[in-house]
Amino acid sequence: MPSPAQPAAPAPRRFEIVRTVAALRAAVAGWRAAGERVGFIPTMGALHAGHVSLLRESQRLCQRHVVSIFVNPTQFSPNEDFAAYPRDEGHDADLLRQSGADLLFAPAVAEMYPAGFRTRVTVDGLTQYLCGASRPGHFAGVATVVTKLLLQGLPDVAFFGEKDFQQLQVIRRLVRDLDIPVAITGVATMREADGLALSSRNRFLSPAERQTAARFPVRLRLAAAQLAQGADIARTLADLRAALAVDGITAVDYLALCDEETLTPIMDKQEGRSLSGTRLFAAIHIGRTRLIDNWKVA
Ligand code: PAF
């Protein structure tokens, strides 16, 4: 019997799957009322070690860990891979259970977008470049669903990967602008041994395409190092494009050096502009698979 002076033992961890906003809200509110910090990791499933690294960060900072899996239709345009996007809730739930998550929120489309849904969240400026330019409507879909998820759960902290750096900045902006009381934490990109950034879409690559894909981070890292050493920006981007082509990567969506905060492309070194706080961003297609990555320059 614990003596009255001993603190109550924390409730044992029990992994649960919920599908309604009401159940999510009740679980998170209960933990927070008991003084536990709640971390939240929004995902679209097809979980891999990169997602687990977000969970590990939550485990460092919080006591309870919620992961959502929702393949959000509003962030895919009609010609994109919404239907083909990998879905395997059984695998994902097992991985989360083994990795120490407390709750999986896996709503149906009708729970997130009930009949009559008419609201969209858009973030200006940051979304006009990079993936925002090549995937019109994508960030409105992301911003809308993330706003909903954060308000539904009201966790203490939400975790997003830096691989989707533009998405991370868009989410930071909307949370500030809409006074959503959730701290946003970015987590460094997790990579395969050969440097390829982990992504749910990597599984679409054939073995030959996977070999080609390994050249992408190598070339990007080299170009970022050259820029950091003062190489001419336009020349370096042109050389990067040519080097990717030599490696068999000819379908380049964008290559851009951007300011990390505003995501504004930097075309040349204006007087006095240091490259501190800049990143090199790239999106390519290998076969039918679109890959993105970014590398901090300085
Ligand atoms: O990065 C993702 O998996 C998605 O864009 C997100 C943030 C879960 C919104 O659907």
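None of these values were measured; they are calculated from a predicted model. Remember, it's 1-based here, ligands and their atoms both numbered in the order they're listed. All values below were derived from every heavy atom in this structure, side-chain atoms included, with hydrogens, water molecules and symmetry-related copies excluded.
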### Summary
Counting from 1 in the order shown, the ligand 1 atoms closer than 4.0 Å to a non-hydrogen atom of P42 are 8 (C)
### Message
I want to check something: taking the side chain as every heavy atom from C-beta on, are F159 and P42 in contact at a cut-off of under 4.5 Å?
### Response
no
### Message
Measuring from atom CG of L54 to atom CD of Q59, what distance do you get when rounded to the nearest 0.5 angstrom?
### Response
11.0 Å
#### Entry: Which of the ligand 1 atoms, numbered from 1, are nearer than 4.0 Å to a heavy atom of Q75
4 (C), 5 (O), 9 (C), 10 (O)
### Message
Test your reading of the structure: does N72 have an N or O sitting under 3.5 Å from an N or O of ligand 1?
### Response
no
### Summary
A student checking ligand 1 against V145 at a 4.0 Å heavy-atom cut-off should list atoms 9 (C), 10 (O)
### The one among H51, K148, Q167 that brings a heavy atom closest to atom 5 (O) of ligand 1
Q167
### Charged N-O contact under 4.0 Å between D253 and R290
yes
### Message
Can a donor-acceptor pair be found, under 3.5 Å and without considering hydrogens, that links the side chain of D92 to the backbone of G45?
### Response
no
### Message
Over 60° means perpendicular and under 30° means parallel, so tell me whether H48 and H51 are parallel, tilted or perpendicular.
### Response
tilted
